[in-house]
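Beneath this line is the structure, given in structure tokens, with notes to follow.
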Amino acid sequence: MRGDVLAGITVALVMVPQSLAYAQLGSLPPYIGLYAALLPAIVGALFGSCGQLSTGPVALTALLTGASLLPLARPDTPEFVALAALLALLSGLIQLALGALRLGWLLNLLSHPVLMGFINAAALIICLSQVPPLLGLAMPRSDRFLADLAHAFGGPALPHLPSALFGLGALAALVLLRRAAPRLPGVLLVAAGATLASALGGFEAAGGQVVGRIPAGLPALALPAIDLGAAIALLPAAFVIALVSFMEVASSARLISGKTRQPWNQNQELIGQGLAKLTASVCGALPVSASFSRSALNYASGARSGLSSLVSAAVVLLALLYLTPLLHHLPVPVLAAIILLAVANLIDFGALTRAWRISRDDGLAAALTFCATLAFAPNIQNGILTGLLLSLALMLYRGMKPRIALLGLHADGTYRDLERFGLAHPHPRLVILRFDSPLTFVTAATFEEGMLRAVRAQADVRVVLVSGAGINDIDATGLHTLAGLDERLRAQGCRLAFCGLKKQVIDALQRDGLWQRLGDTAGYRTEQQALDALLPTLP
């Protein structure tokens, strides 16, 4: 228990100031972040599958929340806070339903390059959005983020000197503490020092923006009011939050389970995170998720079970009950510095260049998602939806163009791509075609085109041998295509043969009756066995 207790306290010392900052990022009152760090953290630990995950407010989810709600309500109003709770309810129900129906695999439809394009753009947007408050500049909020940012820096107002000193000083102190004393709770130390300096120096009286009054005590538990029109308008955003937040959860869980060698269950984690979001909605808070940085800190500090999250929640409870008056003078520029340092670690432009180097399709998907997210900001959910559609389209396109190769005998005794290795056909009247894909409605036309090219590959082909080890599935369209090719080849005096077919494909051929029509020429196990049987029958 010692490791869990120490880890819980360590994470809480970071979570309290981060919760205030991330609520501010979502255009919500700072105390909403503390509500999101209390009961949701407990529920996520009790019902999840990876005990080291730290559930609470996170930057990406907070940004998505604020961007989704801005078209529907004005910040700093009760309606805005109520819509945030409704968004938490909807995104939690989506995750809970996916986990209960064991549909977690659906979240894998978003490719890694697309996800990295979105995360890099979102992290860049977050960092840019925090520069004005870091310097004490006012920034308007509209549906055009880049125009708002240009207005903040291009307007007549100059940076507020005390705010800039607090913001830049806090940022420098955070960087210095991270490098010189990484084991110390740098976020808490900087926040506490800045709060004390703000209170003693009259920062608020000098025109600086502070956190202000935080209601003491616990949140009132109640289901959010269900407005059908608002719920329908928020559904796309709820889906995106459910998707993106679980991607962050999955990344943390995979990393930690790889180190601990303890399995984690994708569907169970969906249930745990869904219930945590539902709890956040009952607390009147914003949607929560498992923080990548806090989860890593939790594990590195000795956490081995969900007990650490219970300890963290206990520290947050103490802060809500007894420490809220002390947070009044916490400068908003310091919160901006905390967000900047936490989110800057998410920026990894190298991932985009690696995707482009590996595959031009993946690189294009990552780049377009990155640009779309920036263009749609602050409605960055449109960027991830663009990436999702693009990812699915590329997957379908690649699936329609599988690799097809004609084979020849290589010097190592195997049959390999004759065009790549400069090999000859095994016989003037026989060609071997390898098809590396399931034979389904998506690939049937490509397979048929490849077969017809194989027949024309030599002047007088009498046998086309299909090396079918790569065909791991076949559907009704594939069977229909095979039957049509068999009839067409027979009419031309040519035979169709197979080798290496898998059991599931043979079973489908037998149920269709095509296996019996093909006869003995469909059951060869290797190319060499097929050639030994077929070549003596050729004139």
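In this chain, residues are counted from 1 in sequence order. The structure presented is a predicted model; accordingly, all values stated were derived computationally and were not measured.
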Full working for side-chain contact (heavy atoms from CB on, under 4.5 Å) between Leu278 and Leu93: CA-CA 7 Å; Leu278 294 181; Leu93 288 174; 3.9 Å; yes
For the atom pair [atom1] ([X]) and [atom2] ([Y]), what is the distance rounded to the nearest 0.5 Å?
X      : Y      : atom1 : atom2 : value
Leu341 : Arg178 : CG    : CZ    : 4.0 Å
Leu20  : Leu34  : CG    : CG    : 4.5 Å
Leu385 : Leu390 : CG    : CG    : 12.5 Å
Thr10  : Leu6   : OG1   : CG    : 6.5 Å
Leu389 : Thr369 : CG    : OG1   : 10.0 Å
Gln209 : Leu330 : CD    : CG    : 11.0 Å

Heavy-atom closest pair, residues [X] and [Y]:
X      : Y      : result
Phe145 : Ser129 : CE1-CB, 3.7 Å
Ala365 : Leu394 : CB-CD1, 3.5 Å
Leu374 : Ile125 : CD2-CG1, 3.7 Å
Tyr31  : Ile214 : CB-CG2, 3.4 Å
Ile380 : Leu64  : CG1-CD2, 3.3 Å
Ala138 : Ala152 : O-CB, 3.6 Å

Are any of the side-chain heavy atoms of [X] and [Y] separated by less than 4.5 Å?
X      : Y      : value
Trp105 : Leu103 : yes
Ser293 : Asn345 : no
Pro215 : Tyr35  : yes
Val16  : Val187 : no
Phe80  : Leu70  : yes
Phe203 : Pro333 : yes
Val131 : Leu137 : no
Arg294 : Val58  : yes

Without hydrogens or angle criteria, can the side chains of [X] and [Y] be said to hold a donor-acceptor pair below 3.5 Å?
X      : Y      : result
Asn298 : Ser54  : no
Gln95  : Ser245 : yes
Ser308 : Gln52  : no

- request: Return the orientation label for the Phe370 and Phe349 ring planes: parallel under 30°, perpendicular over 60°, tilted otherwise.
  value: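 Perpendicular.
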Okay, side chain of [X], backbone of [Y]: is any donor-acceptor separation there less than 3.5 Å?
X      : Y      : value
Lys277 : Val288 : yes
Ser198 : His329 : yes
Thr386 : Thr373 : no
Ser295 : Phe292 : no
Thr65  : Thr61  : yes
Asn267 : Gly104 : yes

- request: Using the side-chain contact (heavy atoms from CB on, under 4.5 Å) rule, take Val114 and Phe118 through it: C-alpha gap first, then chi angles, then the decisive distance, then the call.
  value: CA-CA 6 Å; Val114 166; Phe118 171 74; 5.6 Å; no
- prompt: Is the CZ atom of Arg74 crowded by more than 12 outside heavy atoms at less than 6.0 Å?
  reply: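 Open: at most 12 neighbouring heavy atoms sit under 6.0 Å from CZ of Arg74.
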- prompt: What do you reckon, is NE2 of His151 surrounded by more than 12 foreign heavy atoms closer than 6.0 Å?
  reply: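 At most 12 heavy atoms, drawn from other residues, nucleotides or ligands, come within 6.0 Å of this atom.
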message: I'd like to know whether Val343 forms a side-chain contact (heavy atoms from CB on, under 4.5 Å) with Gln130, so could you lay out the CA-CA distance, the side-chain angles of the two residues, the decisive distance to 0.1 Å, and finally the verdict.
response: CA-CA 10 Å; Val343 176; Gln130 295 309 300; over 6 Å; no
task: Could you go through the side-chain contact (heavy atoms from CB on, under 4.5 Å) check for Leu221 and Leu39 one step at a time?
output: CA-CA 10 Å; Leu221 305 183; Leu39 291 180; 4.0 Å; yes
field: Among Glu269, Gln273, Gln268, the one residue meeting side chain to side chain contact (heavy atoms under 4.5 Å, CB included) with Ile271
entry: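 Testing Ile271 for a side chain to side chain contact (heavy atoms under 4.5 Å, CB included) against Glu269, Gln273, Gln268 leaves exactly one candidate, Gln268.
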Contacts of Ala37 that satisfy side chain to side chain contact (heavy atoms under 4.5 Å, CB included) - sequence neighbours left out: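 Only Met15, Ser19, Pro57, Val316 meet the side chain to side chain contact (heavy atoms under 4.5 Å, CB included) criterion with Ala37.
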